[in-house]
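Okay, structure first, notes after.
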Amino acid sequence: MAMWKNYEEMFQLMKEKLYTPVVGDILDQMGYCHQFLPAEIRPLAAMVPTEPFVNKEESDNRLKMAGFACTVLENDVFGEQKKPFGYLTEALDQLKPHEIYVATGAHNSALWGELLTTTAKTRGAAGAVLDGYTRDTPQVLGLNWPVFAKACWAQDSSIRTSVCDFRCTIEIGQVTIHDGDLVFGDVDGVLIIPKEIYVEVLEKALEKAAGEKKVRKAIEEGMSATEAFATFGIL
């Protein structure tokens with residue numbers, strides 16, 4: 001029996017109780033040892049000063065994401081295209097609530113920006129993960145929505161990048177990503193949890209996170225690390 005009633009509760013639990021290190025540990029224990037995207041892919045809000053763009057009356061939603069992958073495949077192009085951007089707008093327009101736009105395949109321009117963020121956020125999507133660059137940084141940060149990328153770079157995609165497919169299998173770094181896999185990201189990285197096992201992974205991770213809090217409390221109260229790790233089953 002899952003520890004949540006619906007997706008809203010599940011994603012809220014993930015964002016409140018979990019963090020990528022503990023989920024990654026569970027995946028390792030289950031034999032899924034290559035699930036982290038490259039370390040360069042980080043929250044945009046962790047790359048640049050955010051103070052000028054923050055509405056302090058809102059909760060900051062930019063540093064953590066959880067949702068189901070909507071996979072997008074792009075490729076490099078060279079010059080004006082018969083169909084600028086390829087299937088970019090089609091991919092954006094079919095995003096569903098709780099989905100994360102996950103794109104790879106192009107290298108010579110920004111893959112994301114203000115208008116794409118606005119579209120995805122309006123459709124109820126849960127974030128964007130770019131195996132590449134993002135631009136319009138002040139505007140994107142001001143939308144208070146999670147965008148993870150390798151860096152900021154303003155070079156335009158219209159004559160350099162084309163979306164050639166979406167909801168297809170893609171690879172980023174060491175990870176094969178299928179449409180509908182679970183995506184979990186925070187300041188320590190982005191994990192891909194295969195859709196066939198995500199319930200088991202999350203349940204075990206929630207138990208592990210609760211156990212690690214007990215270990216920390218015991219150590220703070222004077223127990224040695226060796227004893228605490230043995231007592232609570234860390235070793």
task = Starting at CG of D76, measure out to OG of S157 and round the result to the nearest 0.5 Å.
result = 11.0 Å
inquiry  = For a side chain to side chain contact (heavy atoms under 4.5 Å, CB included) check, start with the C-alpha distance between M30 and K204, then their side-chain angles and the critical distance, and finish with the verdict.
reply    = CA-CA 10 Å; M30 293 176 62; K204 289 181 175 179; 4.2 Å; yes
ask   = Do you know which two heavy atoms are closest between S162 and G86, and how far apart they sit?
value = OG-CA, 3.3 Å
request  = Kindly say whether V102 contributes a backbone atom to a donor-acceptor pair with the side chain of T71 at under 3.5 angstrom?
outcome  = no
task = Could you tell me whether K83 atom NZ has more than 12 heavy atoms of other residues or ligands within 6.0 Å of it?
result = yes
key: Cluster link L92 to Y87, ILVMFWY, side chain under 4.5 Å   = yes
message = Strictly distance-based, threshold 3.5 Å: is any side-chain N or O of Q35 a donor or acceptor partner for the main-chain N or O of G24?
response = no
task = Provide the closest heavy-atom pair for Q94 versus E90 in the form atom of the first, atom of the second, distance.
result = CG-O, 3.1 Å
key: Nearest-0.5 Å distance that lies between atom OG1 in T119 and atom CD in E114   = 10.0 Å
message = Please report the interatomic distance SG(C70) to CG(D181), rounded to the nearest 0.5 Å.
response = 12.0 Å
ask   = Do you know the tightest heavy-atom contact between A149 and G132?
value = CB-O, 3.5 Å
task = Find the distance between CD1 (I159) and CG (N108) and round it off to the nearest 0.5 Å.
result = 10.5 Å
query = Of all heavy-atom pairs between L141 and P49, which one has the smallest distance, and what is that distance?
reply = CD1-O, 4.4 Å
ask   = Side chains of V187 and P43: closer than 4.5 Å at any heavy-atom pair?
value = yes
query = Taking it one step at a time, do K150 and D131 satisfy side chain to side chain contact (heavy atoms under 4.5 Å, CB included)?
reply = CA-CA 7 Å; K150 287 185 172 180; D131 182 23; 3.0 Å; yes
query = Taking the side chain as C-beta and beyond, is there a heavy-atom pair between T161 and L88 under 4.5 Å?
reply = no
task = Run the numbers on R135 and D156 for salt bridge (charged side-chain N to carboxylate O under 4.0 Å, His left out), then give the verdict.
result = CA-CA 9 Å; R135 69 179 200 167; D156 185 42; 3.4 Å; yes
request  = Report yes or no: does E99 contribute a side-chain atom to a donor-acceptor pair with the main-chain N or O of K96 at less than 3.5 Å?
outcome  = yes
request  = Flag yes if more than 12 heavy atoms outside K195 fall under 6.0 Å of its NZ atom; otherwise flag no.
outcome  = yes
query = side chain to side chain donor-acceptor pair (under 3.5 Å) with T137: which residues, sequence neighbours excluded?
reply = none
query = Where do T134 and L116 land on the side chain to side chain contact (heavy atoms under 4.5 Å, CB included) test, with the steps shown first?
reply = CA-CA 10 Å; T134 181; L116 280 66; over 6 Å; no
key: Beyond-backbone contact of S158 with F85, side-chain heavy atoms, under 4.5 angstrom   = yes
query = Does I192 share a hydrophobic cluster with L73, counting links as ILVMFWY side-chain heavy atoms below 4.5 Å and allowing steps through other members?
reply = yes
ask   = Of the options I100, V183, L182, I193, which is the one that meets F68 in a side chain to side chain contact (heavy atoms under 4.5 Å, CB included)?
value = L182
inquiry  = Would you say that V199 contacts W4 through its side chain, given a criterion of any heavy-atom pair below 4.5 Å between the two side chains?
reply    = yes
inquiry  = Donor-acceptor check, side chain of K121 to backbone of L143, threshold 3.5 angstrom: yes or no?
reply    = yes
Non-hydrogen side-chain atoms of H178 and E196 separated by less than 4.5 Å = no
ask   = So do I219 and F229 actually touch side chain to side chain, heavy atoms under 4.5 Å?
value = yes
ask   = Q12 pairs by side-chain hydrogen bond (donor to acceptor under 3.5 Å, both in side chains) with which of E8, K15, E9, E16?
value = E16
task = Start with the C-alpha distance between D188 and T20, add both sets of side-chain angles, then the distance that settles side-chain hydrogen bond (donor to acceptor under 3.5 Å, both in side chains), and finish with yes or no.
result = CA-CA 7 Å; D188 282 324; T20 56; 4.6 Å; no
Partners meeting salt bridge (charged side-chain N to carboxylate O under 4.0 Å, His left out) with D179 (sequence neighbours left out) = R167
key: Candidate pair L18 and L206, rule side chain to side chain contact (heavy atoms under 4.5 Å, CB included), full reasoning   = CA-CA 7 Å; L18 295 180; L206 287 165; 3.7 Å; yes
key: Minimum side-chain heavy-atom gap F184-K64 below 4.5 Å   = yes
ask   = Is any side-chain heavy atom of N144 closer than 4.5 Å to a side-chain heavy atom of D60?
value = yes
query = From R160 CZ over to E74 CD, what is the distance, rounded to the nearest 0.5 angstrom?
reply = 14.0 Å
key: Residue Y32 excluded, over 12 heavy atoms near OH under 6.0 Å   = no
ask   = Do M65 and V22 share a hydrophobic cluster, counting only Ile, Leu, Val, Met, Phe, Trp and Tyr and linking them when any side-chain heavy atoms are less than 4.5 Å apart?
value = no
ask   = Would you find a donor on one side and an acceptor on the other, under 3.5 Å apart, between the side chain of Q174 and the backbone of I172?
value = no
ask   = Is it true that L111 and M47 fall in one hydrophobic cluster, defined by side-chain heavy atoms closer than 4.5 Å?
value = yes
message = For W112 and W145, take the angle between the two ring planes, folded into 0 to 90°, and tell me which bin it lands in: parallel under 30, tilted 30 to 60, perpendicular over 60.
response = parallel
note = CG of L13 to CG of L202, rounded to nearest 0.5 Å, is 9.0 Å
remark   = Closest heavy-atom pair, P21 versus D186, reported as atoms and distance to 0.1 Å, is CD-OD2, 4.4 Å
key: E212 vs R216, salt bridge (charged side-chain N to carboxylate O under 4.0 Å, His left out): CA-CA, chis, key distance, verdict   = CA-CA 6 Å; E212 290 192 353; R216 174 176 173 174; over 6 Å; no
task = Tell me whether V129 is reachable from I177 by hopping between hydrophobic residues (I, L, V, M, F, W, Y) whose side-chain heavy atoms are closer than 4.5 Å.
result = yes
key: Over 12 non-hydrogen atoms of neighbours within 6.0 angstrom of CD in E80   = no
query = If every non-hydrogen atom of P38 is compared with every non-hydrogen atom of G173, which pair is closest and at what distance?
reply = CG-CA, 3.9 Å
